[in-house]
Amino acid sequence: AKVQELMAEVERARAACEKQLEAAKALPSAYLCQVFESEEAKKWERRRLGEVARYVNGRAFKPEEWKQIGVPIIRIQNLNDPSALFNYYDGKMEDRYKVHNGDLLVSWSASLGAYIWGRGNALLNQHIFKVKEYSDLALRDFLYFVVNYVMEEIKEHIHGATMQHITKPEFERLLIPLPPLPTQHRLASDLKAKMARAEKLKVAIEKQLEAINALPQAILRKAFTGEL
């Protein structure tokens with residue numbers, strides 16, 4: 001009976017923790033909506049993405065070009081999963097396909113999203129754009145957030161489709177709210193801080209859930225050794 005009571009408590013704790021984790025994961029999206037659906041945002045001008053930046057598509061690397069050493073090739077799985085293994089390329093490459101820390105990348109096929117690259121020099125694979133913003137119109141950090149917001153909206157429209165995909169002309173036609181540069185800077189700084197806090201919270205809850213998931217085994221071990 002004692003073991004059953006403890007197991008029931010663990011289940012309650014797990015359910016509560018999972019609920020907290022769900023709420024923490026929803027925060028980034030909520031923060032974006034807070035900014036881009038605000039009364040202030042309604043007053044900003046609307047520009048097409050094609051007007052505020054140039055988008056360079058990655059190169060279609062052939063499987064026979066993949067090597068074990070060389071410069072890492074950024075594929076979509078490398079954007080979504082930091083533990084995903086890289087393929088490498090050891091030949092010469094045009095500058096347009098080279099990626100450096102701080103570059104803004106947009107995945108437009110299979111999964112939709114914007115990413116700030118921060119894992120060293122690399123090369124760009126197909127289905128990912130490198131964004132070259134027009135600095136008199138848009139700040140890179142602001143574009144990162146507004147593109148992620150717009151992509152969330154697109155995902156809702158194509159929900160249920162087996163393959164999420166948007167073509168370059170469709171992408172460049174998308175309208176975004178574009179405030180003046182000082183406002184962009186303020187909002188990007190504010191969102192950066194909020195996103196960092198949300199990530200910290202998510203990681204803390206994940207660790208807590210990990211500890212809770214280990215409890216049943218510990219309880220059973222104690223029961224078998226007669227400690228309960």
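- Sequence neighbours left out, the pairs with a member in residues 49-60 that pass side chain to side chain donor-acceptor pair (under 3.5 Å) are Asn57-Trp108, Arg59-Glu65.
- Glu172 is not listed as a side-chain neighbour of Phe129, based on a closest heavy-atom distance of 4.5 Å or more.
- Residues satisfying the side-chain contact (heavy atoms from CB on, under 4.5 Å) test with Glu11, not counting sequence neighbours, are Arg14.
- For Glu133, the side-chain contact (heavy atoms from CB on, under 4.5 Å) criterion is met by Ala53, Arg140, Leu143, not counting sequence neighbours.
- From Tyr97, atom OH reaches atom CG of Asn125 across 10.5 Å, with rounding to the nearest 0.5 Å.
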Considering only distance and modelled atom types, tabulate donor-acceptor pairs under 3.5 Å from the side chains of residues 25-33, sequence neighbours left out.
none

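- Counting only heavy atoms from C-beta outward, the side chains of Pro177 and Val146 approach each other to under 4.5 Å.
- Residues passing the salt bridge (charged side-chain N to carboxylate O under 4.0 Å, His left out) test with Glu22: none are found, sequence neighbours excluded.
- Taking a 6.0 Å sphere around CZ of Phe224, one finds it holds 12 or fewer heavy atoms contributed by other residues, nucleotides or ligands.
- For the side-chain contact (heavy atoms from CB on, under 4.5 Å) test, residues two or more places apart in sequence or in another chain that qualify with Val35 are Trp44, Leu187, Leu191.
- For the salt bridge (charged side-chain N to carboxylate O under 4.0 Å, His left out) test, no residue two or more places apart in sequence or in another chain qualifies with Glu18.
- No continuous path of hydrophobic side-chain contacts links Trp117 to Phe145 [ILVMFWY only; heavy atoms under 4.5 Å].
- With sequence neighbours left out, Gln126 forms a side-chain hydrogen bond (donor to acceptor under 3.5 Å, both in side chains) with no residue at all.
- Residues Gln34 and Lys194 form a side-chain contact, since some pair of their non-hydrogen atoms from C-beta on lies under 4.5 Å apart.
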Counting only pairs under 3.5 Å, give me each side-chain donor-acceptor contact of residues 85-94, with atom names and distances, residues two or more places apart or in other chains.
none

Atom pairs and distances, donor-acceptor, side-chain atoms in residues 197-205, under 3.5 Å, two or more places apart:
from	atom 1	to	atom 2	distance (Å)
Lys202	NZ	Glu206	OE2	3.3

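- Qualifying salt bridge (charged side-chain N to carboxylate O under 4.0 Å, His left out) partners for Lys168, counting only residues two or more places apart in sequence or in other chains: none.
- Judged as a side chain to side chain donor-acceptor pair (under 3.5 Å), the pairs with a partner in residues 179-190 (not counting sequence neighbours) are, in order, Glu40-Arg186.
- Around atom CD of Gln217, no more than 12 heavy atoms belonging to other residues, nucleotides or ligands sit under 6.0 Å away.
- To the nearest 0.5 Å, atom CD1 of residue Ile74 and atom OH of residue Tyr115 are 12.0 Å apart.
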